[in-house]
Amino acid sequence: MLELHGISAGYGRNAVLRECSLKVQPGEVVALIGANGAGKSTLVNTVSGLLPCRGGSILLDGERIDGLSPRGRVRRGIAHVPEGRQIFGGLSVKDNLILGAYASEEMRDAAALQERIAKSCHFFPTLQDRMGEAAGNLSGGQQQMLAIARGLMGRPRYLLLDEPSLGLAPLLVSEIFRLVTQLRHAGLSILLSEQNARQSLKVSDRAYVIEMGCIVLQGSSQEILATEEIAEKYLGGG
Ligand code: ATP
C-alpha cells in the first residue's frame, strides 16, 4: 500500500500542500481531483520525489520512502507519468521508452530491454509500429500513450498519472480512461490526478478532492459523484 501521512510541500516561500493524507491500496484506482492550481501536481511530484516533503511521511508497504531519490522510488515500484507528457520529441519512440528503464538493471542487457519494450507497449499497438520515428511526430494522444508506456518500462506496481487527459480531443480522452481500467486489470494500482472529475470518478474506486493544498473530501468515487456540492463545483452540466 502507498500511504501519505500529513504531507506538506511547497516552492520557496510558497507553502502549497498542507498536511495531506491519502492512500492507494493494491489494485485500486484512486482519483485526485481538484481545480487548476489546487496542488494535484505538487502532491504527485512529492510522491515520486521530484519535490521534497517539508513535513509528514510517505510509506510504501509500511516502509518510509520519502527520504529516497526519485530513482530509488522507481526501483521500489513507483512510476510517475508527468503532466504534459515530457516526451523528448527529437528522440525516437524507442529511445524515449529506453529512458523509462533508467533505474533498472535490464538497461545493460539488450534482449531483456527489448522484452521490456514489447511488454510496456502491449496496450499500445501504434507505438509498436512507430518505434524508429521521432516522438515529436506523434499526435498528442500517442505522446500520452508513449509517456505511459515509458512509465511502464520501470515495471511499476504503482502508477502516478498526472492529468493524462489534458489537452486531448474527447475521443482520445475516453481512450485514456479506458486504458486506466485496462492497466488496473493488468494488476497496477493507480493514483489518477485529474481536472476531468466526472470521467476520473467513473473509472476509480475512491477519490480525494483537493482544494488550495488541502484534502477537503474523500470517499468512494460513487459517493463523491453523487455529492451535490462536488457536482456543482467540478462536474458541470450533463
Ligand atoms: P494544474 O492542473 O494547473 O497543474 P494542480 O492542481 O496540479 O494544477 P499545482 O501545479 O500543484 O496544481 O500547483 C499548486 C500551486 O503551486 C499553484 O499555486 C502553483 O502556482 C504553485 N506552483 C506549482 N509549481 C510551482 C513552481 N515550480 N514554483 C512555484 N510555484 C509553483
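Whatever order the structure lists ligands and atoms in, that order sets their numbers, starting from 1.
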Heavy atoms, side chains only, cut-off 4.5 Å: are [X] and [Y] in contact?
{"X": "I78", "Y": "I65", "value": "yes"}
{"X": "P70", "Y": "S48", "value": "no"}
{"X": "Y208", "Y": "I224", "value": "no"}
{"X": "L191", "Y": "L22", "value": "yes"}

First-shell residues of ligand 1 [heavy atom, distance under 4.0 Å]:
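Around ligand 1, where the cutoff is 4.0 Å for heavy atoms, the contacting residues are Y11, N14, V16, A35, N36, G37, A38, G39, K40, S41, T42, E83, E163, Q195.
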Is the backbone N or O of G6 less than 3.5 Å from a side-chain atom of S21, with the two atoms forming a donor-acceptor pair by type?
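Indeed, once roles are kept as given, a pair shorter than 3.5 Å links the two residues.
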Can a donor-acceptor pair be found, under 3.5 Å and without considering hydrogens, that links the side chain of R116 to the backbone of M153?
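At least one qualifying donor-acceptor pair exists.
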